[in-house]
Amino acid sequence: MQAPVLVSNSSLSIRREPLKAFVPVEVCRSSRRRHICSCSKAAPAVQLSKAARSQVPKVSRSRITSQGFLAGPTDETPAYDALDASPWNKAIMALFRRKMVMALEEDTEAQGYDAIIGLTRKLNAKYKHPQQTQAATKRILKSLFPGWLPPAFSAMFSRPVPQVAAQLNAWVTALTCQWLMGPTKINDIELEDGQVFRRQGVLVERCRYLEESGCASICINSCKVPTQEFFQENMGLMLTMTPNYEDYSCQFSFGQAPLPQDQDDVFSIPCFQNCPSKKQHKRLDQCHGIEATQEDSVLSL
């Protein structure tokens, strides 16, 4: 819990493709990916041409070995003692754990952050299909909020003032989710034509959740997809999350419609070399726990 998968922060030139005139095409500064802003009342999914898709960075082949994908940085894992000691973070982590236990109908003997990771692995192992895991995670996310809050936020902010809604969600995410993802910072979203949407992004510098789980399918099925869909369907706000599996950073872009799954490179990531749930299989080009849907799940708001 962005950059096309495995993208560096270097500039990438992308040719503008013809789209409907009323739909503003946006690119996150750190990723240079094309997105459609949720400021449009009926923002459709982005349909990239073959030429545009060819300019999106692919998986670094040098990191693919006979044992899988060599994910993450090579230095030591940061210490999170200060984050874990915060009473605020302890309270949020405890709430999250309770909701996971209720959904799973079982607990773990582990404590603290280890319990969150253990329960997440149980959740991913419980279901046969990735979409079932995504749906279960989305139910957990919904249970964290009072039932009236998401529709009220959508009506009061997301529809009438989407840019304000995006900024508010970026601020809340940075404030409340560092216990889960590690240090974050709010950043800007830049359009292809140079326009900038201030403070609508959140950069996770090195995702703790991804690093501790060590699993691409957990990242996709228990974080990226259900979180994007929760914000879209319940909060009325588009969100694109772009994990970088080389350095474990992740870019949140609020107000940005995600690519259709079958056009998003993150869904073709190979299984991590050190994934604790890795299965022996012949394919090295895609994690066995990831399955992209053929149709985009974006709904008109």
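Along the sequence shown, residues carry numbers from 1.
A donor-acceptor pair under 3.5 Å links the side-chain atoms of S143 to the main chain of I140, judged by distance alone. Of the possible donor and acceptor atoms, none in the side chain of K99 sits under 3.5 Å from a partner among the backbone N and O of L144. When atom types are taken as modelled, the side chain of T173 and the backbone of N169 share a donor-acceptor pair closer than 3.5 angstrom.
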Exercise. Before giving the answer on side-chain contact (heavy atoms from CB on, under 4.5 Å), spell out for I116 and R208 the whole-Å C-alpha distance, their side-chain angles and the decisive distance to 0.1 Å.
Key: CA-CA 11 Å; I116 300 298; R208 182 185 188 184; over 6 Å; no
Exercise. Check step by step if side-chain contact (heavy atoms from CB on, under 4.5 Å) holds for Q167 and I186.
Key: CA-CA 9 Å; Q167 291 174 337; I186 296 176; over 6 Å; no
Self-check item: Audit row: V266, M241, side-chain contact (heavy atoms from CB on, under 4.5 Å) steps and yes/no
Solution: CA-CA 10 Å; V266 75; M241 297 168 62; over 6 Å; no
Quiz item: Checking side-chain contact (heavy atoms from CB on, under 4.5 Å) for the pair L259/F267: CA distance, chi angles, key distance, verdict?
Solution: CA-CA 11 Å; L259 288 170; F267 289 88; over 6 Å; no
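A distance of 6.0 Å separates OG1 of T77 from CD of E212, quoted to the nearest 0.5 Å.
The side chain to side chain donor-acceptor pair (under 3.5 Å) check on E205 picks up nothing, with sequence neighbours excluded. T184 pairs by the side chain to side chain contact (heavy atoms under 4.5 Å, CB included) definition with A174, Q178, M181, V202, V204, not counting sequence neighbours. Residues passing the side chain to side chain contact (heavy atoms under 4.5 Å, CB included) test with D75 are P73, R206, sequence neighbours excluded.
For F254 and F231, the ring centers sit closer than 6.0 Å to each other. Taking the six-membered ring where the residue is Trp, the centroids of F145 and F153 are separated by 6.0 Å or more.
A heavy-atom distance below 4.5 Å is found between the side chains of V101 and L119.
Note on residues 144-153: no pairs pass side chain to side chain donor-acceptor pair (under 3.5 Å), not counting sequence neighbours. Residue pairs satisfying the salt bridge (charged side-chain N to carboxylate O under 4.0 Å, His left out) criterion with at least one member in residues 129-143, sequence neighbours excluded, are listed as follows: K138-E229, K138-E233. Evaluation of the side chain to side chain donor-acceptor pair (under 3.5 Å) test over residues 112-122, restricted to residues two or more places apart or in two chains, returns E106-K122, T120-Y209.
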